[in-house]
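Right, one structure below, let's go through it.
All values reported here derive from a predicted model rather than from experimental measurement. Below, each value reflects all heavy atoms present in this structure, side chains not excepted, and no hydrogens, waters or symmetry copies. Numbering starts at 1 and runs along the sequence shown.
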Amino acid sequence: MTTATDGKATSSRSTFKMGVGVSVSISARPERIWALLTNTHEFPRWNTTVQSIEGNIALGQTIQLKTTATPERTFKLRVTEFTPNSRMVWQDGAAPMFKGTRTYTLTPRSDGTTDFTMTEVFAGLMLPMIGGSLPDFRPTFERYAADLKREAEKGA
């Protein structure tokens, strides 16, 4: 899924796959952004889409996340990829029934800015049955990217 770096989320959907993504250019180095994305203690302070997050964000670890959109549910996410200052992947669920995969990517630019991209893909045999009950994630993704940009640029 490709997105422009304007902070506007896009989405796509087919029978067994649904995706949403957002990209934004941030006036900060990848190290500053990465520090925000991996610090569970500070996450809810700057990110208005997160109610709480517990655990250690590191390769192979499981974190517990509560969002403001669904505060009654705790997502148990496994960190399946972790390349510092560059790329991170969180997964929930089990293929082939239903699986969510969130990918964070940081791309440094020569002018000192960093392109932040976050995508999430939901896929599986159950998607046709539950897809209609899933919310439009675009506003939440846009808010997440705007919160990250605002916080990262404070310390840049």
Side-chain angles (χ1 to χ4, degrees), residues 1-26 28 33-82 86-107 114-154:
M1 171 175 281
T2 59
T3 58
T5 57
D6 60 3
K8 298 293 181 197
T10 60
S11 63
S12 64
R13 186 163 187 166
S14 64
T15 304
F16 297 105
K17 193 176 198 178
M18 182 175 93
V20 63
V22 67
S23 291
V24 66
S25 180
I26 301 175
I33 301 165
W34 190 260
L36 292 169
L37 291 173
T38 57
N39 183 339
T40 55
H41 300 292
E42 290 292 314
F43 223 99
R45 178 187 60 75
W46 63 263
N47 190 323
T48 61
T49 71
V50 173
Q51 181 178 354
S52 69
I53 185 168
E54 297 176 12
N56 184 22
I57 300 175
L59 184 62
Q61 297 296 306
T62 299
I63 55 175
Q64 296 182 13
L65 173 73
K66 286 188 178 186
T67 67
T68 55
T70 55
E72 69 286 349
R73 181 169 178 206
T74 300
F75 296 91
K76 292 182 173 105
L77 308 164
R78 185 167 173 80
V79 181
T80 59
E81 287 184 46
F82 192 87
S86 179
R87 181 179 163 90
M88 178 169 50
V89 178
W90 299 354
Q91 293 184 329
D92 183 21
M97 296 310 288
F98 187 78
K99 186 175 189 175
T101 302
R102 180 171 288 189
T103 303
Y104 300 89
T105 307
L106 301 177
T107 306
T114 302
D115 289 345
F116 164 76
T117 302
M118 179 175 69
T119 61
E120 186 144 7
V121 175
F122 300 98
L125 299 173
M126 290 183 62
L127 187 60
M129 292 178 274
I130 63 171
S133 67
L134 295 174
D136 179 359
F137 292 101
R138 289 175 300 178
T140 301
F141 271 52
E142 289 172 2
R143 207 164 78 229
Y144 189 116
D147 288 350
L148 179 62
K149 178 178 175 65
R150 182 178 53 256
E151 187 66 19
E153 290 179 349
K154 277 184 191 176

Sub-3.5 Å donor-acceptor pair from the side chain of Ser11 to the main-chain atoms of Gly19, do we have one? no

Test side-chain contact (heavy atoms from CB on, under 4.5 Å) on Ile26 and Ile33 and set out the steps. CA-CA 9 Å; Ile26 301 175; Ile33 301 165; 3.9 Å; yes

Run the ring-centre check on Tyr104 versus Trp34 and record whether the distance is less than 6.0 Å. no

Closest non-hydrogen contact found for Thr70 with Phe75 is OG1-CE1, 3.4 Å

Inter-residue atom distance Ile53.CD1 - Thr74.OG1, 0.5 Å rounding: 11.5 Å

Just so I know, are the side chains of Leu65 and Val50 near enough to count as touching, which here means a heavy-atom distance under 4.5 Å? yes

Looking only at heavy atoms, which two atoms of Ala28 and Ala152 are closest? And how far apart? CB-O, 3.8 Å

Is there a side-chain contact between Phe141 and Glu120, using heavy atoms and a 4.5 Å cut-off? yes

Nearest-0.5 Å distance, CH2 of residue Trp90 to CG of residue Leu77: 6.5 Å

Check: Glu142 side chain, Ala9 main-chain N or O, donor-acceptor pair, under 3.5 Å: yes

Quick check: closest heavy atoms across Phe98 and Leu127, and the distance to 0.1 Å? CE1-CD1, 3.8 Å

Nearest-0.5 Å distance, CD1 of residue Ile63 to CZ of residue Arg78: 11.5 Å

Stepwise salt bridge (Lys or Arg N to Asp or Glu O under 4.0 Å) test for Glu151 and Arg45: CA-CA 10 Å; Glu151 187 66 19; Arg45 178 187 60 75; 2.8 Å; yes

Begin with the C-alpha distance, continue with both residues' side-chain angles, and end with the deciding distance and a verdict on ring-ring contact (aromatic ring centres under 6.0 Å, His included) for Phe137 and Phe122. CA-CA 11 Å; Phe137 292 101; Phe122 300 98; 5.2 Å; yes

Quick one: salt bridge (Lys or Arg N to Asp or Glu O under 4.0 Å) pairs with a partner in residues 123-141, sequence neighbours left out? Asp136-Arg138

How long is the span from the CZ atom in Arg87 to the OG1 atom in Thr117, to the nearest 0.5 Å? 10.5 Å

Using side-chain heavy atoms (C-beta onward) and a distance below 4.5 Å, is Thr67 in contact with Thr49? no

Do Leu148 and Leu36 make a side-chain contact, defined as non-hydrogen atoms from C-beta onward lying under 4.5 Å apart? yes

Under 4.5 Å between any side-chain heavy atoms of Thr15 and Pro128, yes or no? yes

With a 3.5 Å distance limit and no angle check, can you tell me whether Arg102 reaches the backbone of Met118 through a side-chain donor-acceptor pair? no

Using side-chain contact (heavy atoms from CB on, under 4.5 Å), reason through Met18 and Val121 one step at a time and then give a plain yes or no. CA-CA 6 Å; Met18 182 175 93; Val121 175; over 6 Å; no

Any donor-acceptor N or O pair under 3.5 Å, side chains Ser23, Asp115: no

Ala58 to Val79 - nearest heavy-atom pair and separation: O-CB, 3.2 Å

Could you tell me whether the side chain of Val20 reaches within less than 4.5 Å of the side chain of Thr119, counting heavy atoms only? no

Out of curiosity, Met97 CE to Leu125 CG, how far, rounded to the nearest 0.5 Å? 5.5 Å

How close do Ser52 and Pro44 get, counting heavy atoms only, and between which atoms? CA-CG, 4.0 Å

Within-4.5 Å side-chain heavy-atom neighbours: Phe82 and Val89: no

Is there a side-chain contact between Met88 and Glu81, using heavy atoms and a 4.5 Å cut-off? no

Residues Phe43 and Leu37: closest non-hydrogen pair is CE1-O, 3.2 Å

Measure the CZ-CD distance between Arg73 and Gln51 for me, rounded to the nearest 0.5 Å. 14.0 Å

